[in-house]
Amino acid sequence: MINDRTKVKDILESDKTGYSVTVKGWVRTFRSNRFIALNDGSSQYNLQAVVDFEKYDPALLRRITTGAAISIHGEIVASRGAGQRVELQVQSLEVLGDCDPEKYPLQPKKHSLEFLREIAHLRFRTNTFGAVFRIRHALAFAIHQFFNKRGFVYLHSPVITASDAEGAGEMFRVTTLDLNDVPKTTDGQIDYKLDFFGRPTNLTVSGQLEAELGALALGDVYTFGPTFRAENSNTPRHLAEFWMIEPEMAFYDLEDNMNLAEQMLKYLITYLLKHNADDLDFLEKRLLDEEKQKPQQERSDMSLMEKLTFCCEQPFERITYTEAIDILLQSSALKKKKFQYPVAWGVDLQSEHERYLVEKHFKKPVIITGYPKEIKAFYMRQNTDDKTVAAMDILFPGIGEIIGGSQREERYEKLVQRMEEMHIPAKEMFWYLDTRRFGSCPHAGYGLGFERMMMFVTGMSNIRDVIPFPRTPKNAEF
RNA sequence: UCCUCCUUAGCUCAGUUGGUUAGAGCAUCUGACUGUUAAUCAGAGGGUCGUUGGUUCAAGUCCAACAGGGGGAGCCA
């Protein structure tokens with residue numbers, strides 16, 4: 001048994017002194033041949049271990065280098081220095097894993113996020129990514145806690161699907177066929193009968209349709225799993241593999257749906273403010289440093305904590321698509337020809353329009369409802385005006401659309417009609433349509449991009465820095 | 001995929017109108033010092049200037065293509 005260590009976080013959070021501990025972790029810096037800054041991942045902060053170097057073999061001390069894994073036994077005492085309340089007086093020290101300083105790429109200094117992305121296997125060892133991934137864990141946990149408290153059932157939707165009719169984006173093909181010798185039918189087509197599933201299959205682009213099946217029996221369900229889009233998107237907001245939360249609720253209309261989504265976002269932010277204050281504090285300081293490099297005009301007027309607190313305190317602004325278009329048409333930005341894309345009823349809102357509404361006009365999260373049916377998916381419930389659907393998008397400052405959802409079309413005839421109009425093969429979707437044939441009921445749901453939420457709460461500006469191993473076009477190294 | 005910018009030491013960057021042996025800070029190594037907080041001081045090592053081709057007496061510097069990365073856009077979460 002070697003799991004006898006005390007975690008740094010527990011030591012630092014207590015004022016207690018005069019007791020013996022064993023700590024294990026990685027050296028961040030070794031100053032003056034006397035002070036080891038030790039980090040074990042449990043906290044943003046390091047434990048300062050004090051070595052009386054006169055009593056130790058210089059050969060051993062030389063092995064205490066940045067990045068080395070060490071185990072220390074000693075006594076927790078009040079610190080004589082100013083930077084910390086308590087410190088560890090070393091009584092015995094063992095190097096568990098050496099770290100050659102000539103070759104180790106991490107130094108006790110600031111590294112660019114781009115450089116750290118190239119060494120994604122080591123970036124966990126930095127302050128920034130330590131904070132990011134502790135927050136990622138906490139956010140995932142809070143999501144489960146939120147739904148569990150409300151009696152939701154966590155439903156595992158399949159990662160491999162045969163459905164290619166959802167129209168949610170380009171898909172990754174899943175096959176065991178020999179790509180160097182693909183079997184063909186007599187008319188020259190790929191013979192999928194010989195493939196593993198006997199038919200074409202893909203990685204899922206959404207668990208929503210499966211979640212609906214669950215909701216119409218279990219009541220309230222949610223999915224939380226990886227999602228795959230094979231789109232050639234090269235932006236700081238897109239990944240080929242990302243995580244999505246998709247709640248689906250029976251007997252909910254659009255307003256119930258919005259209420260739940262707003263409550264959830266506020267719950268998650270409040271949870272992090274309470275449980276990850278140290279990590280958020282670090283990220284806030286990091287952002288402030290970064291802002292200092294920018295010209296005055298581009299600096300944001302709120303700090304990270306202020307922004308998060310602000311979002312929890314304000315009710316989100318709720319407007320219809322039609323109202324949004326009117327605001328844009330009357331905006332000074334339009335009159336000054338600041339928009340690159342035209343504004344008119346019927347067009348989809350562009351990033352620049354969304355950003356204007358959220359960041360300039362309302363200056364808080366905005367929920368937009370009632371989009372034209374032409375620009376939304378087939379499963380959204382048609383409104384009585386015959387022009388719009390019961391859709392809702394929640395827009396956040398800085399990242400745009402964080403949640404997209406709708407009340408679903410529960411009326412069989414209306415749904416089939418819409419599928420025909422949009423060339424969705426109803427025959428292959430018999431399992432989905434069956435829910436509308438047998439005991440259909442009003443229901444609603446939404447999708448939350450987990451990494452988008454991570455970007456908002458951490459203030460990180462590139463989505464590749466909030467997931468451990470980002471998958472993007474031409475990049476799957478780690 | 002489109003537009004735009006970038007690529008010089010391990011990292012972050014400077015490098016004049018093309019002109020001798022390409023520089024700095026940090027890191028690393030050696031030595032000094034030792035209650036430090038990205039410790040300090042002195043010295044040393046470290047570069048086929050992203051790749052390929054072109055212009056020129058001469059290219060880190062100018063031109064082209066390609067690769068990788070950043071920012072913006074589209075698609076979306």
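All heavy atoms count here, side chains included; hydrogens, waters and symmetry mates do not. Within every chain, numbering begins at 1; the chains are lettered A, B, ... in the order of the sequence lines, protein sequences first and strands thereafter.
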Complementary nucleotide for [N] - Watson-Crick or wobble, under 3.5 Å:
N	answer
B/rC66	B/rG50
B/rA42	B/rU30
B/rA73	B/rU1
B/rG19	B/rC57

Proximal nucleotide (of B/rG35, B/rC11, B/rG69) relative to the A/F115 side chain: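 Selected nucleotide (nearest to the side chain): B/rC11.
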The side chain of A/R229 lies closest to which of these nucleotides: B/rG74, B/rC11, B/rC76?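 Selected nucleotide: B/rC76.
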Hey, does [X] reach any base, or is it just sugar-phosphate, or nothing, if we go heavy atoms under 4.0 Å?
X	answer
A/P105	nothing
A/E118	nothing
A/R355	sugar-phosphate
A/A82	base
A/S112	sugar-phosphate
A/Q107	base

Suppose you measure atom [atom1] in [N] against the same atom in [M]; what distance do you get, rounded to whole Å?
N	M	atom1	value
B/rG23	B/rG46	C1'	13 Å
B/rU28	B/rA9	C1'	12 Å
B/rA38	B/rG50	P	34 Å
B/rU8	B/rA14	P	10 Å
B/rG10	B/rU56	P	34 Å
B/rC6	B/rA42	P	36 Å
B/rU34	B/rU40	C1'	10 Å
B/rC2	B/rG25	C1'	39 Å

Strand contacts (RNA chain B) in residues 232-243 of chain A, 4.0 angstrom heavy-atom criterion: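 Residues of residues 232-243 of chain A that come under 4.0 Å of RNA chain B are, in numerical order, A/N232, A/S233, A/N234, A/T235, A/P236, A/R237, A/H238, A/L239, A/F242.
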Listed in order of residue number, which residues of residues 445-466 of chain A have a non-hydrogen atom at under 4.0 Å from RNA chain B?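 Going residue by residue through residues 445-466 of chain A, the ones with a heavy atom under 4.0 Å of RNA chain B turn out to be A/G449, A/R452, A/N462, A/I463, A/R464.
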Between A/T29 and B/rU37, is there a side-chain N or O to OP1/OP2 distance below 4.0 Å?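 So the side chain of A/T29 is outside the cut-off, no N or O lying under 4.0 Å from OP1 or OP2 of B/rU37.
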Regarding B/rG68, can its base be found pairing with the side chain of A/E114 as donor and acceptor, where the two atoms are less than 3.5 Å apart?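 Such a pair does not exist between side chain and base.
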